[in-house]
Amino acid sequence: MSTWISRLDDPGPGLRLAVKDCIDVAETVTTAGCAALADEGLVATQDADVVAAMRAAGARVVGKTNLHELCFGTTGENPWFGNPINPLDPSLVPGGSSSGSAVAVATGEADLALGTDTGGSVRIPAACCGVVGLKTTFGRVSTAGVWPLAPSFDTVGLLARDVATISLGMALIEPGFTAASPATVVGRLRLTDALIDPDVDRALDEALARAEVDVVEVVLDGVELAARAFRTIDVQAWASNRRLVEDHPDRVGEAVRRRLLACRDVDEDQLHGARDDQAVWTARVQTALERAPVLVLPTLAGRPVPTGSGYQPNHLVSPFNVSGHPALSLPLRVPGWHLPGSAQLVAGLGREDLLCGTGAALAGVFALS
């Protein structure tokens, strides 16, 4: 049962909601995909805020989904609970860390899934499994009741098979949420020094040429600033998980344990510099959004990597965790590929409504181009 860590019977007529098992569901153990937490067997006394809101609005929880252990990885593979199988190609990773959530919606076992996104962990599995993934604006959705990784980047997001269901999910979290009219101008964002498969770039350019939008070129320098700022995730990840590593070293997977132990080496000077880099990078993204209200770039720089590879690159997604902006991943047909690629839309802070409206307008063109 590699997609699910536990299945639940929550009867009713509402949307079937899968919940990443780093998010509390009352009367269940939150494992965060880690044997150490599973062994402790601490049962959540109440739903996480986001789960409570969605249940109050009519969603029914059908299970807790598997994930990359402690949310700290991009492949979605898990040494304790098995690897969720990529439904598009079992030889490729499902993407992480919200792997089980992406697979659950891709295979039709859930209508909607909750994931978390600290450095791409909703958008990467959405891209790998051919579904839609929304990273929300930092701070918009409560993380109370969510196992922390890096609290200055952690966000709760949604995965579904289409943008309309993502919009329904946002309305479950925030009653009254509706998609806005789509943007009529989008910025084709190119990050300097970001290596991208030419097939992906070409497919996205051709799709935008067919879409009924005006496209402006936007070149954004300084992605290395975002990369440096993102490294502060390491010291936060160590603080969040230090107790588990020190108290139960043999019950934290080897790869994640080694990565967490390496996080101890980040010093205060690096942290101060990273915060400065974050401020500069965020300002540059804001300036880019003044040229076009929605920016478009690939989600992944190439195909999903084979299982066992250890790392799925996240350098096109983590910059928007650093800046805090919302981002939406949509399947993108890439001629010559046997599985879809993925396009990423980025909008201003708090503009999930614009992302949903624009994403709905572009989804068909992206899938057929």
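Values below: all heavy atoms of this structure, side chains included; hydrogens, waters and symmetry mates excluded.
- Summarising the local packing, CD of Glu212 is surrounded by 12 or fewer heavy atoms from other residues, nucleotides or ligands at distances under 6.0 Å.
- Side chain to side chain, Asp154 and Thr143 fail the donor-acceptor criterion of an N or O pair below 3.5 Å.
- Electrostatic pairing of Asp10 and Arg60 does not count as a salt bridge here, judged by no charged N lying under 4.0 Å from a carboxylate O.
- Side chain of Ser121 to backbone of Thr118: no donor-acceptor contact under 3.5 angstrom is found.
- Residue Ile173 holds its CD1 atom at 7.0 Å from OG1 of Thr136, rounded to the nearest 0.5 Å.
- Contact of the Lys20 side chain with the Cys71 side chain is registered, since non-hydrogen atoms from C-beta on lie closer than 4.5 Å.
- Rounded to the nearest 0.5 Å, atoms CG (Leu330) and CD (Gln344) are 10.0 Å apart.
- Donor-acceptor pairing under 3.5 Å is lacking for the side chains of Ser6 and Lys64.
- Using a 4.5 Å cut-off on side-chain heavy atoms (C-beta onward), Leu316 and Ile196 make contact.
- Interatomic distance, Thr75 OG1 to Leu92 CG, rounded to the nearest 0.5 Å: 12.0 Å.
- Salt bridge Asp199/Arg202: present, at least one basic N to carboxylate O contact under 4.0 Å.
- Residues Asp201 and Arg188 are paired through a salt bridge, judged by an N-O separation under 4.0 Å between the basic side chain and the carboxylate.
- Residues Leu37 and Leu42 are not in side-chain contact: their nearest non-hydrogen atoms beyond the backbone lie 4.5 Å or more apart.
- Glu206 has no carboxylate O lying under 4.0 Å from a charged side-chain N of Arg333, or vice versa, which leaves the two without a salt bridge.
- In this structure, CG on Leu204 lies 10.0 Å from CG on Leu189, to the nearest 0.5 angstrom.
- Residues Asn78 and His68 share a closest heavy-atom pair of ND2-C, 4.3 Å.
- Ion pairing between Glu40 and Arg243 holds under the 4.0 Å rule for side-chain N and carboxylate O.
- Ionic pairing of Asp353 and Arg351 is present here: one or more N-O contacts between side-chain nitrogen and carboxylate oxygen are shorter than 4.0 angstrom.
- No side-chain heavy atom of Lys135 sits less than 4.5 Å from a side-chain heavy atom of Pro326.
- In this structure, Ser329 OG and Leu300 CG are separated by 7.5 Å, a value rounded to the nearest 0.5 Å.
- Trp337 approaches Gly302 most closely through the heavy-atom pair CH2-C, 3.6 Å.
- Taken from CG in Asp221 to CH2 in Trp281, the straight-line distance is 9.0 Å, to the nearest 0.5 Å.
- Glu27 CD: 12 or fewer foreign heavy atoms inside a 6.0 Å radius.
- Side-chain contact between Phe153 and Thr232 is present, with heavy atoms from C-beta onward closer than 4.5 Å.
- Inter-residue side-chain proximity for Ile23 and Val51 is flagged as met; some heavy-atom pair is nearer than 4.5 Å.
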